[in-house]
There are 2 protein chains.
Amino acid sequence: MRESGPPPERFSGVERGERQDRPVAQEPVAQEPDSHARKDPLHVASLEKAFRVMGAFSSGRRDLGITEIAEATGLTKSAAQRFVHTLTALGYLERDEETRRYAPGIRLLDLGFLYLRHDALAERASPFLVAASERCGERVNLSEFDGSDIVYTFRIPKRTMGYINTVVGRRLPAFATSGGRAVLAALPEDEALRIVTQAERKALTPRTVTDVDSIMAGVADARRLGYAFTDSEILLGELAVAAAVLDHRGHPVGAVHISVSNGAWSEARVREDLAPLAMETAQTISRPGPSTRRRRE
Amino acid sequence: MRESGPPPERFSGVERGERQDRPVAQEPVAQEPDSHARKDPLHVASLEKAFRVMGAFSSGRRDLGITEIAEATGLTKSAAQRFVHTLTALGYLERDEETRRYAPGIRLLDLGFLYLRHDALAERASPFLVAASERCGERVNLSEFDGSDIVYTFRIPKRTMGYINTVVGRRLPAFATSGGRAVLAALPEDEALRIVTQAERKALTPRTVTDVDSIMAGVADARRLGYAFTDSEILLGELAVAAAVLDHRGHPVGAVHISVSNGAWSEARVREDLAPLAMETAQTISRPGPSTRRRRE
DNA sequence: CTCCCTTGTATTGCATTGCGATACAATGTG
DNA sequence: CACATTGTATCGCAATGCAATACAAGGGAG
């Protein structure tokens with residue numbers, strides 16, 4: 001249900017390493033101008049443009065001026081002006097009166113909340129994730145599978161390796177994360193291969209594995225072991241294990257991640273101690289229900 | 001900067017108790033039809049309508065049909081059809097092919113993430129919140145002040161009293177929360193009074209205090225003590241203390257909350273042990289910086 | 001300090017785009 | 001099996017959003 005259909009390209013795309021704050025090249029952030037502009041008579045073009053404006057902010061820069069937005073989105077300055085104006089009036093952008101630049105507004109959290117509060121998977125999982133975190137004393141995360149990405153929906157911070165790793169809503173490519181590989185391992189081989197092949201395999205750290213064969217080897221390992229393991233592929237110095245969460249049909253819908261610092265943990269201990277915990281927790285959450293992610297009203 | 005300007009009415013409005021799942025009357029969820037439709041030539045009406053559609057989902061129901069959406073928003077069925085269609089194509093709504101009903105899509109989290117990842121207050125606060133939580137073993141939250149509400153931006157779950165109390169992005173009226181009262185106590189008295197008076201003071205539990213004088217008494221207590229205390233006003237059986245976080249000018253921008261169950265804690269112990277921790281943490285975070293909530297690039 | 005260049009803001013006439021009434025199809029209910 | 005209800009498709013009209021352009025306001029460089 002989620003995985004079918006023409007994947008409406010996500011503006012977030014691959015979030016770069018974050019915090020690694022390189023200048024972030026001024027690339028044309030948003031997708032091709034007329035992506036959806038097929039002759040669909042029900043399609044409201046203004047809406048797509050407005051979201052393209054929001055998408056301009058996913059390139060890493062916090063605030064943007066009108067002209068920058070126009071450039072990043074490919075809209076004319078007039079159009080950018082109008083959409084920014086309206087989005088600001090609605091509270092989804094905030095204007096700094098000093099600099100006359102715009103930044104995402106706190107109102108955006110209302111939208112995320114609309115999803116989260118009815119997220120049956122996160123709701124069902126939350127007590128078990130807390131329990132797991134208390135047992136091992138480390139960061140436990142729940143992610144949900146979406147297209148070729150995973151999206152964190154429940155996170156338990158500990159003595160944290162950086163704020164960004166505690167933020168709900170972060171989207172990462174499946175191929176590079178432990179949770180993603182665990183999910184891929186639970187898919188039919190050809191589908192996993194398709195996802196990995198088609199993904200834009202950009203390295204997030206120097207240690208991100210980007211060639212298809214190596215990734216698929218990691219997926220095979222995960223299939224054999226029941227969990228996936230990664231080392232420094234998203235953040236240098238971070239070890240992670242994850243196990244897939246399945247719906248009633250056995251399809252993967254997300255994963256339970258446990259992440260630790262390689263200062264405190266060796267790979268061996270992570271595999272011995274944490275992997276079973278991740279698997280057990282994922283198992284517990286996996287159970288049945290016709291709709292696994294959403295709460296039936 | 002945030003608190004000035006005509007408060008663009010929020011569709012989330014006052015989120016009701018949640019989990020208390022009463023039927024949630026089928027009221028006209030969204031705001032008056034033409035709120036912003038002043039003669040502003042830069043205002044694009046389609047956008048506002050689209051967000052009104054999203055707003056229809058803030059009434060508590062998880063999924064809605066086209067007709068329900070049309071009714072809830074005051075749009076014609078045609079308009080509802082078009083916006084729902086487009087929002088679905090963009091991934092912000094998801095369609096259940098079985099029931100042909102629509103629900104908020106996981107893509108919405110991308111939007112929330114746009115705000116959170118550059119939230120300087122949450123970023124700066126996170127390690128101290130984690131430390132505080134480890135010290136007392138209870139749920140520690142950070143909220144940010146917005147208009148007459150507070151919005152949670154960083155939450156540390158423990159053996160949780162319900163999933164909903166762990167969700168980032170939840171918006172609650174300032175008057176009824178400990179954090180909100182702490183914030184109000186840090187405002188000039190007349191401004192606090194104005195906010196409380198103008199708020200739609202709907203009870204979230206039988207124990208929510210809704211009359212202005214009592215609320216202002218609580219605010220006065222908070223001003224005197226340096227922290228606010230509430231008992232069961234949001235959730236029955238929950239005790240909470242909170243202290244305001246100030247920016248470099250001394251204006252309140254948010255609050256540090258600590259919430260516990262009244263089974264495990266008495267009011268006296270909460271006031272003795274947790275209130276100082278909340279105050280200390282808030283103090284630590286408060287510090288300076290020209291823009292407190294946002295990270296300068 | 002002042003000029004100039006860049007960036008944000010306001011205006012306007014035009015036609016494209018979104019509009020809503022209505023007709024049609026499909027569910028599932030009595 | 002018929003009917004009520006809800007979702008889907010069509011279409012002509014004009015309102016709404018469009019882009020070009022003119023104007024104002026900062027902010028560096030010299």
Side-chain angles (χ1 to χ4, degrees), chain A residues 1 5 26 33-54 56-57 61-90 93-103 290 297, chain B residues 1 5 26 30 33-54 56-57 61-90 93-103 297:
Chain A
M1 187 169 301
Q26 185 75 356
D34 52 359
S35 45
H36 277 291
R38 54 197 170 209
K39 292 268 66 73
D40 187 338
L42 292 181
H43 198 259
V44 179
S46 310
L47 250 192
E48 185 172 352
K49 289 177 196 159
F51 283 113
R52 194 135 85 243
V53 168
M54 293 311 307
F57 290 93
R61 319 209 22 146
R62 189 186 83 76
D63 50 10
L64 297 171
I66 293 275
T67 317
E68 287 169 304
I69 291 172
E71 281 167 3
T73 55
L75 301 176
T76 69
K77 206 166 89 169
S78 301
Q81 179 188 195
R82 245 170 313 111
F83 288 111
V84 164
H85 179 89
T86 308
L87 286 166
T88 304
L90 293 170
L93 287 179
E94 287 176 8
R95 174 189 161 100
D96 183 327
E97 295 297 340
E98 288 276 325
T99 64
R100 256 167 279 189
R101 296 168 71 78
Y102 297 84
E297 177 96 5
Chain B
M1 186 170 301
Q26 184 75 355
D34 53 358
S35 43
H36 277 289
R38 52 192 171 216
K39 293 267 67 76
D40 187 339
L42 292 181
H43 198 260
V44 0
S46 309
L47 249 191
E48 184 171 352
K49 289 177 197 159
F51 283 114
R52 193 135 86 242
V53 168
M54 292 311 307
F57 291 92
R61 315 207 30 142
R62 188 186 83 76
D63 50 10
L64 297 171
I66 292 276
T67 317
E68 286 169 304
I69 292 172
E71 282 167 2
T73 55
L75 301 176
T76 69
K77 206 166 87 170
S78 301
Q81 180 189 191
R82 248 169 309 112
F83 287 112
V84 164
H85 180 88
T86 308
L87 286 167
T88 304
L90 293 172
L93 287 179
E94 286 176 9
R95 175 189 161 100
D96 184 328
E97 294 297 340
E98 287 276 324
T99 64
R100 254 167 280 190
R101 295 167 72 79
Y102 297 84
E297 176 97 6

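Side-chain atoms are counted along with the backbone in the values below, which use heavy atoms only and exclude waters and symmetry mates. By convention in this document, chain letters (A, B, ...) are assigned in the order of the sequence lines, proteins followed by strands, and residues within each chain are numbered from 1.
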Could you tell me whether the phosphate oxygens of C:dT7, OP1 or OP2, come under 4.0 Å of any side-chain nitrogen or oxygen in A:Arg100? no
Answer yes or no: is there a side-chain heavy-atom contact under 4.5 Å between B:Ile69 and B:Val84? yes
| message | Does any part of the side chain of A:Leu93, heavy atoms only, come nearer than 4.5 Å to the side chain of A:Phe57, both counted from C-beta? | response | yes
When rounded to whole Å, the CG to P distance for the pair B:Leu75 and C:dA21 reads 12 Å
Check the phosphate of D:dT8 against B:Arg95, side-chain N and O only, distance under 4.0 Å to OP1 or OP2. Yes or no?
yes
Of A:Gly65 and A:Leu47, the one whose nearest nucleotide on DNA chain C sits closer to the 5' end is A:Gly65
Taking side chain as C-beta onward, heavy atoms only, is A:Glu48 less than 4.5 Å from B:Thr86?
no
Rounded to whole Å, CZ of A:Phe83 lies from P of D:dT16 at a distance of 15 Å
In whole angstroms, the gap separating P of D:dG17 from NE2 of B:His43 amounts to 9 Å
Closest of C:dG18, C:dG8, D:dT8 to the B:Ser46 side chain is C:dG18
Here the distance between atom P of D:dA20 and atom CD1 of A:Ile66, to the nearest Å, is 16 Å
In whole angstroms, the gap separating C1' of D:dT5 from CZ of B:Arg101 amounts to 13 Å
In whole angstroms, the gap separating P of D:dT6 from CG of B:Leu64 amounts to 13 Å
pair B:Lys49-B:Thr73: side-chain heavy atoms closer than 4.5 Å: no
Any heavy-atom pair between the side chains of A:Val53 and A:Leu87 that's under 4.5 Å? yes
Side-chain N or O of A:Lys77 versus OP1/OP2 of C:dT9: is the shortest distance under 4.0 Å? no
In whole angstroms, the gap separating C1' of C:dT7 from CG of A:Asp63 amounts to 14 Å
When rounded to whole Å, the CD to C1' distance for the pair A:Glu48 and D:dG17 reads 16 Å
Against the side chain of A:Tyr102, the closest entry in D:dA19, C:dT9, C:dG20 is C:dT9
### Query
Is the distance from OP1 or OP2 of D:dG7 to the nearest side-chain N or O of B:Thr67 less than 4.0 Å?
yes
Testing D:dT8, C:dG8, C:dG20 for proximity to the side chain of B:Gln81, the answer is D:dT8
Would you indicate what A:Ser78 reaches in the nucleic acid, counting non-hydrogen atoms under 4.0 angstrom: base, sugar-phosphate, or nothing? base
